Amino acid sequence: MYPGYFAKLMPDKVAAVLATTGETLTYRRLDEQSNRLSRHFYDQGLRRGDHISIFSDNVLSFFEVVWAALRSGLYITTINRYVTADEVAYLINDSGSKAIVTSGALSEVAAEVPPLIPDCQIRLIMGQCIDGWESYEDILLPMDATPLENQWMGAGMLYSSGTTGRPKGIVRDLPEIRFTDLPPPAGEASPPYWFDQDTVYLSPAPLYHAAPFGFTNAIHRIGGTVVVMPRFDALNSLEFIERYSITHSQWVPTMFVRMLKLPEKERNQYDLSSHQCAIHAAAPCPVDVKRRMIEWWGPIVEEYYAGTEGNGTTRIGSAEWMEHPGSVGKNTNGLVHICDEDGTELSARNAGIIYFEQEKVGYRYHNAPEKTNEVRHPVHSNWTTLGDVGYLDEENYLYLTDRRNFMIVSGGVNIYPQEIENAYILHPKVLDIAVFGVPNEDFGEEVKAVVQLAEDIEQAPEVEQELIEYGRERIAHYMVPKSIDFIDEMPRLPTGKLYKRLLRDRYWGKHESRII
């Protein structure tokens, strides 16, 4: 459903709460504010199918903006809060957004944006006023809080991460339905994660990212409560599970690693008994990491593999995973095919490009028909890929190997960095690691590791040698890093996304490379 339904049914129920301060947003407030903003957009000439953007940190008003779009037939683009003014402008201009809402915490970057977006004249800022922007609060205060006559369903038009070039918008046709035409929810929990009105969902990641954006919308559609962390902190996450009696949560593997590396006394000081379902995705999870999480939290860990494109999904629960460790499950949406570079389908246990087959491809890349064509299978136009490499076992369970663009070719041997990174990630001296290929005159590429050391561990040749020896004991000799460099902080976003290209570029310089 949508906030208006729950505003009538249970107006004072908390739709969202800011975990650190306890600030709340009720369903009544969410309904009224999203109505006011949708009316403002309508008065300014926006109509069904138009675009808006939001550039914000994790604040509760984020949901007001999202629902203003979703209940008035607009596309909404969420912008990574860590990008530059030029990158913000690119996304606004490329999406054709007629309105942009930002938050006061991002005012330093936002101040540079207005001259770069001449076609976007509706610019609202939450929490303060700066030149070139109007106050979000002042604009909404006098607006009528009744809904628009026609509440067409809108949609997100999110962008790819942009780690391999300019991000591309992923667009689908708007649904031909109004929210008011939908039947009321059944009131029963629904699979696969059994969300219902009693769900209290912890969101530790940035709301602009596809998974938090999608899951928080889902919770509000069934009348649950979202608990938002301004930013991820390993110890605080556990404390919030106890404080707010969290029932459901969503994570990325780097968050699991950070929590596992907490001192045991700290990890075990909170009551996590309310926690019924911990969902994770976004990157392959090392087998040892996931096994330890299941041992700690119990069989509540659920994994899925999918992309913002929504071209297919696999899922796997804890019990299944223990029987197929390392798998991301079987397909639940779209049939999985593994193919070589020429498009020939491969047999079980042979790694290749992962394609999902759908009856109809439901998305396209905005302003990029060439990109839309690139991801299609060379023969079957209804098979599409996210660029990941993996294999199926004899029971059709999918295993991820790595991104195709990250594969290292050394002396004609294909090496997948993810396997090397997984071998190292739980080493007590390693906080984070990235592995990629660097130039080698004889072999084309060689394996390089860049490591962010754990707190209080100093960089030294002895540590490098210790880690190399550690690798020799656990992985094939040709996979062991030839050298290890140290970095103070890995270029990883709170979503878990590692900008490996930024590391790789330091070593390749002007060298031509197939890896990106």
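The first residue in the sequence is number 1, and the count goes up from there. Because the structure is predicted, anything quoted here is derived from the model rather than measured. When reading the values below, keep in mind they use all heavy atoms of this one structure, side chains included, and skip hydrogens, waters and symmetry mates.
Counting only distance, with no hydrogens or angles, the side chain of Asn382 and the backbone of Gln358 share a donor-acceptor pair below 3.5 Å. Using a distance-only test at 3.5 Å, with no hydrogens or angles considered, no donor-acceptor pair links the side chain of Ser53 to the main chain of Ile100. Judged by distance alone, the side chain of Asp340 and the main-chain N or O of Asp342 form a donor-acceptor pair under 3.5 Å. At distances below 3.5 Å, not a single donor-acceptor pair connects side-chain atoms of Ser103 with backbone N or O atoms of Ser56.
By the neighbour-count criterion of 12 heavy atoms within 6.0 Å, atom CD of Glu419 is sparsely surrounded, having that number or fewer from other residues, nucleotides or ligands. Shown here is Arg231, whose CZ atom has no more than 12 heavy atoms of other residues, nucleotides or ligands within 6.0 Å. In this structure, Glu458 places its CD atom where only 12 or fewer heavy-atom neighbours from other residues, nucleotides or ligands lie under 6.0 Å away.
Expressed to the nearest 0.5 Å, how far CZ of Phe443 lies from OH of Tyr478 amounts to 14.0 Å. The CZ atom of Arg315 sits 12.0 Å away from atom CD of Glu303, with the distance rounded to the nearest 0.5 Å. Taking CD1 of Ile76 as the start and CZ of Phe213 as the end, the distance is 5.5 Å to the nearest 0.5 Å. In this structure, Ser327 OG and Leu392 CG are separated by 9.0 Å, a value rounded to the nearest 0.5 Å. Put simply, NE2 on His366 and NZ on Lys168 are 10.0 Å apart, with the number rounded to the nearest 0.5 Å. In this structure, CG on Leu202 lies 11.0 Å from CD1 on Ile279, to the nearest 0.5 angstrom.
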- Query: Between Glu295 and Arg292, is a salt bridge (charged side-chain N to carboxylate O under 4.0 Å, His left out) present by the stated rule, with each step listed?
  - Reply: CA-CA 5 Å; Glu295 290 171 354; Arg292 288 179 60 182; 5.8 Å; no
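Ring pair His51/Tyr75 is parallel by interplanar angle, where below 30° counts as parallel and above 60° as perpendicular. Between Phe436 and Tyr507, the angle of the ring planes lies from 30° to 60°, which puts this pair in the tilted group.
A ring-centre distance under 6.0 Å is found for Tyr363 and Tyr365. A distance of 6.0 Å or more separates the ring centres of His248 and Tyr193.
Applying side-chain contact (heavy atoms from CB on, under 4.5 Å) to Arg364 and the options Val375, Thr372, Asn373 leaves one that passes, Thr372. Residue His337 is tested with Phe356, Tyr391, Trp383, Tyr355 for a ring-ring contact (aromatic ring centres under 6.0 Å, His included); the sole match is Trp383.
The existence of a salt bridge linking Lys330 and Glu395 is excluded, since no basic side-chain nitrogen approaches an acidic carboxylate oxygen closer than 4.0 Å. The existence of a salt bridge linking Glu469 and Arg472 is confirmed by a sub-4.0 Å separation between a basic side-chain nitrogen and an acidic carboxylate oxygen.
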